[in-house]
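Accompanying notes for the structure given below.
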Amino acid sequence: MYRYDDFDRQLVLERTEQFREQVKRRLSGDITEDQFRPLRLMNGVYLQLHAYMLRVAVPYGTLRADQLRQLGYIARRYDKGYGHFTTRQNIQYNWPKLAEIPDALLDLAKVEMHAIQTSGNCIRNTTTDQYAGAAADEIEDPRPYCELIRQWSTFHPEFTYLPRKFKIAVTGSPNDRAAVKVHDIGLRMHQNDAGEVGFEVIVGGGLGRTPFVGKTVRDFIGKNDLFSYLEAILRVYNRFGRRDNKYKARIKILVHEIGVEEMQRLVEEEWAQIKDGSLRVDDAEIVHYIEQFAPPAFETLSDDDAEFERRKAENREFSNWVRSNVIAHKQPGYAIANVSLKPIGGIPGDATDTQMELVADLSEQYSFGDVRVTHEQNLVLPHVKKADLFSLWAELKNANLATANLGYVTDIISCPGLDYCALATARSIPLSQRISERFSDLDRQHDIGELKIKISGCINACGHHHVGHIGILGLDKRGKEFYQITLGGDASENAEIGKIAGAGFSEAEVVDAIESLVTKYLGIRETGERFIDTYRRVGMDPFKEVLYGDR
Amino acid sequence: MAIVKNDSVIDQEWVTLDAEADLPSGEENIIVPLARFKEERETLIGRNGGLGVQLNPGDVPEDLANDLDRLSIITVNFPAYTDGRGYSYARILRERLGFKGELRAIGDVLRDQILYMHRCGFDAYELKNDDDVSLTKVRAALKEMTVYYQPTGDGRATAASLRERRRAALKSAS
Amino acid sequence: MSLQVVTANRLDDGLVVFLTADGGWSENIDQSRIADGKEAGDALLAEASVPELDTVIVGPYLIEVEQQDGGLIPTKYREVLRTKGPSVRQDLGYQAE
């Protein structure tokens, strides 16, 4: 894993000191709230419904054990004993005091963490596949490039006041787990005809009030040229992106309005002028970063572990967990273990201080001190020996962290919604809890199979509802919460924006509505079909009928 | 109002004309908006006195490519600090078109943006504060951060180049 | 006729507060000064928006309330949540006290 050197460390410390001064200036009245707001936002500090919120960056979703342990400490010392993992692979604290935030940031800096790039109209924290460096289907570990993107995009002097925020996601696997097609820039690693590995560059995807699947502006850009190419895209966006209307300011609107061919022309024209400049990264530099993410010291093992097989055969609860939460690893004898933060009836993505500390300990014991955060709001121990899975599971279970529901109907993405968020129009967490309770039976969940429900509490779509197989959007209708259902969304390599099924449902009706959709699917599915497959085959009408009948 | 350049407060020696204002008959130094420069180019470069151009958001800095050596100053207007187009204009003028004259940030120029402006090639800042406060702010802003990841035309060594230098030194020492 | 009170977040800890009769700020909505009608509401908000309060509170605004059982209840659910705390964590916020 990447370790800070003195340059990185110095930068974060200077930033922390700078913010401490800014907070001091604010509390003493030297600067007004209007002057302070952009400064605090650039440091991840929002003012939410009940209190301040601090959003801490987890660059490309990778954490070391000491970092996760420190996140737990911060939850206890500066907050109310918990944190919330977000759909951007970050963590949010809901109750910090402004005067104490500089101290919290200093404690974060001690473990090479910060709140940079978590807010403001800058290039945000880059996200990637949570299984990077471990997945069996991976072409190459995307994290060395993510780290280079992190450095290039941190306090970029030209791109700190963009028309709007800007999100980059990278996948190193053909099975896209990073939702790259619904980001401002999505990078998909692949091999060209000459056998070189590089990136397909997808631009203009996004969710929010105007969702789009991104479009390819370049099928292949080599690794050496990636950064000049990104700079070219950002410069085109900074110059030509709309600034007259906040809701039309994302790059997706620019791409939509001028067309992908014109976008391509502008980017290529700009790139031609800078591609041989100082942003070109040479092979030695790339190798240097690849070495930083070198695989841990795996043992040479057989892929079949008799003890593991015996435990599975003996313990149904364990084998259920393995069935849903354990994923194939590229190294024989190892596996990827997903730690669900979606206990039945719980708050999606929340973890207590002690849970964070426990997962940190377990990662040291079982996973080379490596932990990942997923955009689906779970945690991952990426490198676990199959022989250790049973002991790991037993310890997770004691801490209510072994819910066997990864990818199932109860593994729901949910934004904080009106329970915490100042922008929300409806609550989303209570709805996710009630859906989770309704489908709590594990055999039934397994029978239903992969079904991604995603809930947003407002049109800004932090809960990714547009790309849920079933998406739910909470709105306010004359002071009452009501919920609109979309169907057929998909965040994977086959990305699609879901379609609105029809009129919204009251809070009391919506769980029944979801259940009727699931029942319909079970009734008409063909062998091997997931919900999304059936939907694609039969279309909206059969589902609409169970929701609305003749209405 | 104060203009800070090269670690000191300088006098305002330029008159900025809008699209309609009459051209002064004498040898005053004038700055005109880009649109007017394009319309009255011959007249403007024919008169005595210094000439500068003001860029506003949406302007195309490349339009000045063939006239840069005639211009002593270019002002880039930030109507609101949140409108960051001027950063790109500055880098294009300096790094691509090779403009060597004064590049002055005007408009909503605040302390916390000055370092970014400097990194993009600005060398003068018009602030709304008085002389002393402006100078203090610019000085503080320029030294708040000392580590830079991005290569720009400002000549600062990036973290990557310093790391490279260190690796080379270690290699030659061993 | 609509009853209104002024709410904001306290600058130093960010918690929800309400403008009281004596010009202070309370965590308890029942201690709010009530304005009846638009004019009184505007006057109350103007009082809460003076620059001197910029070092005490952030973002003051008016909310509509109703009197119920001797207490004040906001008419909008969002504001009800602000007087209590997250509905999904009854152990946190003012509702926990």
Side-chain angles (χ1 to χ4, degrees), chain A residues 23 25-37 40 45-54 79-82 84 94-101 345-348 350 414 416-434 457 476 478-481 507, chain C residues 2-19 25-29 45 48-66 68 72-97:
Chain A
V23 169
R25 276 151 68 196
R26 173 71 184 100
L27 291 173
S28 70
D30 285 353
I31 50 175
T32 64
E33 181 62 18
D34 282 344
Q35 291 168 326
F36 180 62
R37 188 183 306 110
R40 70 166 155 79
V45 181
Y46 290 72
L47 188 56
Q48 289 289 23
L49 211 54
H50 309 290
Y52 289 105
M53 179 191 91
L54 175 64
D79 209 87
K80 294 181 188 278
Y82 70 108
H84 176 74
N94 295 301
W95 308 89
K97 297 182 174 71
L98 180 61
E100 292 183 358
I101 290 176
I347 297 177
D350 274 15
S414 169
L418 193 53
D419 278 300
Y420 290 99
C421 178
L423 299 175
T425 43
R427 289 175 300 164
S428 32
I429 296 169
L431 191 56
S432 70
Q433 291 174 311
R434 283 168 42 225
D476 175 284
R478 290 188 289 277
K480 289 255 184 310
E481 295 164 300
E507 192 198 348
Chain C
S2 74
L3 304 181
Q4 301 144 89
V5 302
V6 169
T7 184
N9 291 74
R10 202 154 47 203
L11 174 65
D12 57 0
D13 60 9
L15 294 184
V16 174
V17 286
F18 301 89
L19 181 60
W25 295 88
S26 169
E27 297 175 7
N28 184 349
I29 189 173
L45 182 59
S49 306
V50 294
E52 298 81 73
L53 287 174
D54 197 56
T55 51
V56 181
I57 48 121
V58 181
Y61 62 99
L62 284 171
I63 58 168
E64 270 187 40
V65 296
E66 283 168 0
Q68 270 180 35
L72 294 175
I73 311 281
T75 55
K76 279 197 175 147
Y77 186 61
R78 177 187 197 271
E79 299 306 327
V80 173
L81 281 174
R82 287 180 79 247
T83 65
K84 292 181 170 175
S87 73
V88 294
R89 287 296 301 266
Q90 305 274 335
D91 57 324
L92 300 177
Y94 297 148
Q95 63 199 350
E97 284 158 16

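Please read these numbers as outputs of a predicted model, since none were measured by experiment. Note that these values count all heavy atoms, side chains included, but never hydrogens, waters or copies made by symmetry. So that the names make sense, note that chain A is the first sequence line, chain B the second, and so on, each numbered from 1.
- A pairwise comparison of heavy atoms in A:A51 and C:L15 identifies CB-CD2, 4.1 Å as the closest pair.
- A distance of 10.0 Å separates CD in A:E33 from CD1 in C:I57, rounded to the nearest 0.5 Å.
- For C:L81 against A:H50, the heavy-atom pair with the smallest separation is O-CE1, 3.1 Å.
- In terms of heavy-atom pairs under 4.5 Å with chain C, the best-connected choice from A:G417, A:G479, A:P430 is A:P430.
- Heavy-atom minimum distance, A:A422 versus C:R78: O-NH2, 2.9 Å.
- Closest approach of A:L49 and C:N9 over heavy atoms only: O-ND2, 3.8 Å.
- Interface residue A:E481: only side-chain heavy atoms are found under 4.5 Å from chain C.
- Counting only heavy atoms from C-beta outward, the side chains of C:L92 and A:Y82 approach each other to under 4.5 Å.
- Interface remark: A:I347 contributes side-chain atoms only to the contact with chain C (heavy atom separation under 4.5 Å).
- Proximity to chain C (any heavy atom under 4.5 Å) is restricted, for A:L47, to the side chain, taken from C-beta onward.
- When heavy atoms are compared at a cutoff of 4.5 Å, A:P416 does not approach chain C at all.
- Contact detail for A:Y52 and C:D12: the closest heavy-atom pair is CE1-O, 4.1 Å.
- At a threshold of 4.0 Å, the pair A:R26-C:D54 counts as salt-bridged, since one of the basic side-chain nitrogens sits closer than that to a carboxylate oxygen.
- A heavy-atom distance below 4.5 Å is not found between the side chains of C:K76 and A:D476.
- With contacts defined as side-chain heavy-atom distances shorter than 4.5 Å, the pair A:D419/C:R89 does not qualify.
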